[in-house]
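These notes are about the structure you will find just below.
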Amino acid sequence: MRKLIVPAIALAAASVAAPSFAQSYHHRPAPPHHASYGSWQSINARQANLDRRIDQGYRNGQLSRREATRLRGEFNSLLRLEANYRRGGLTAWERQDLDRRFDRLSAQIRYERRDYDNRRG
């Protein structure tokens, strides 16, 4: 009888400790999105921000009409792509794809607003 009690106690102790063994010690939390810009923004907030930046750039003369029209066309293309993605539900890959495309458009807006071409004066 004693021969069965010791393995039973060891088995019970192992079953209580087993969940802690299942933890991964190599897990690294994902870096926050847009870490260099501070905090994460929703897609709608990013869209509003990009739209505002194009409008401001055109109004204050940093963007020519041609530059603003081209950037607005790319922005509208992204809006259509997002609508297509959302039809079946936004997957993680689609979200990342939109984020990459919004990042690229944001960089283009920043570049065009600072390139000093097509300026009056």
Side-chain angles (χ1 to χ4, degrees):
M1 183 77 160
R2 263 191 169 174
K3 289 182 181 181
L4 294 176
I5 291 176
V6 173
I9 292 173
L11 183 60
S15 66
V16 170
S20 66
F21 293 137
Q23 293 178 357
S24 172
Y25 292 101
H26 299 289
H27 174 72
R28 291 185 192 118
H33 188 68
H34 305 296
S36 61
Y37 292 96
S39 63
W40 177 85
Q41 285 185 325
S42 71
I43 288 177
N44 292 338
R46 293 191 77 188
Q47 289 172 347
N49 185 26
L50 292 172
D51 188 38
R52 179 186 53 77
R53 288 174 55 207
I54 293 170
D55 287 343
Q56 277 182 338
Y58 180 67
R59 277 196 316 267
N60 68 19
Q62 290 177 327
L63 293 174
S64 68
R65 180 182 301 269
R66 177 177 284 166
E67 290 169 334
T69 301
R70 184 181 56 75
L71 292 168
R72 177 72 58 207
E74 291 181 31
F75 177 74
N76 289 331
S77 176
L78 275 177
L79 295 180
R80 285 190 300 276
L81 179 64
E82 181 206 359
N84 286 337
Y85 281 170
R86 285 192 185 268
R87 282 191 193 135
L90 203 58
T91 66
W93 184 89
E94 291 168 337
R95 171 63 196 227
Q96 290 173 347
D97 184 47
L98 286 172
D99 281 338
R100 281 189 299 270
R101 290 171 188 258
F102 282 129
D103 287 343
R104 191 174 314 125
L105 180 58
S106 179
Q108 288 173 346
I109 293 169
R110 184 173 41 256
Y111 174 78
E112 293 294 346
R113 285 181 70 174
R114 296 177 180 178
D115 69 356
Y116 297 107
D117 64 350
N118 296 322
R119 302 285 170 82
R120 286 176 242 150

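Only heavy atoms go into these numbers, but all of them, side chains included; no hydrogens, no water, no symmetry mates.
The environment of CZ in Arg65 is sparse: at most 12 heavy-atom neighbours from other residues, nucleotides or ligands sit within 6.0 Å.
Using a distance-only test at 3.5 Å, with no hydrogens or angles considered, no donor-acceptor pair links the side chain of Arg72 to the main chain of Ile54.
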| field | Verdict with supporting geometry, Asp99 and Arg46, side-chain contact (heavy atoms from CB on, under 4.5 Å) | value | CA-CA 9 Å; Asp99 281 338; Arg46 293 191 77 188; 3.2 Å; yes

| Going through the checks in order, is the salt bridge (charged side-chain N to carboxylate O under 4.0 Å, His left out) test met by Arg100 and Asp97? | CA-CA 5 Å; Arg100 281 189 299 270; Asp97 184 47; 3.7 Å; yes

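Connection of Trp93 to Leu90 is established within a shared hydrophobic cluster, with ILVMFWY side chains joined at heavy-atom distances below 4.5 Å, either directly or through further cluster members. Transitive grouping of hydrophobic side chains (ILVMFWY, heavy atoms separated by less than 4.5 Å) brings Leu78 and Ile43 into a common cluster.
A heavy-atom distance below 4.5 Å is found between the side chains of Arg53 and Arg110. Side-chain contact between Phe102 and Gln47: present, with at least one pair of heavy atoms (C-beta onward) separated by less than 4.5 Å.
Between the CD atom in Gln62 and the CD1 atom in Ile109 there is a gap of 11.5 Å [rounded to 0.5 Å].
Nearest heavy-atom pair across Leu71 and Leu105 is CD2-CD1, 3.9 Å. Smallest separation of non-hydrogen atoms from Asp115 and Glu67: OD2-OE2, 3.4 Å.
Counted by atom type alone, Asn84 and Arg87 present one or more donor-acceptor pairs between their side chains at under 3.5 Å. Between the side chains of Arg101 and Ser77, not a single donor N or O lies within less than 3.5 Å of an accepting N or O.
Residues satisfying the side-chain contact (heavy atoms from CB on, under 4.5 Å) test with Arg70, not counting sequence neighbours, are Glu74, Gln108, Glu112.
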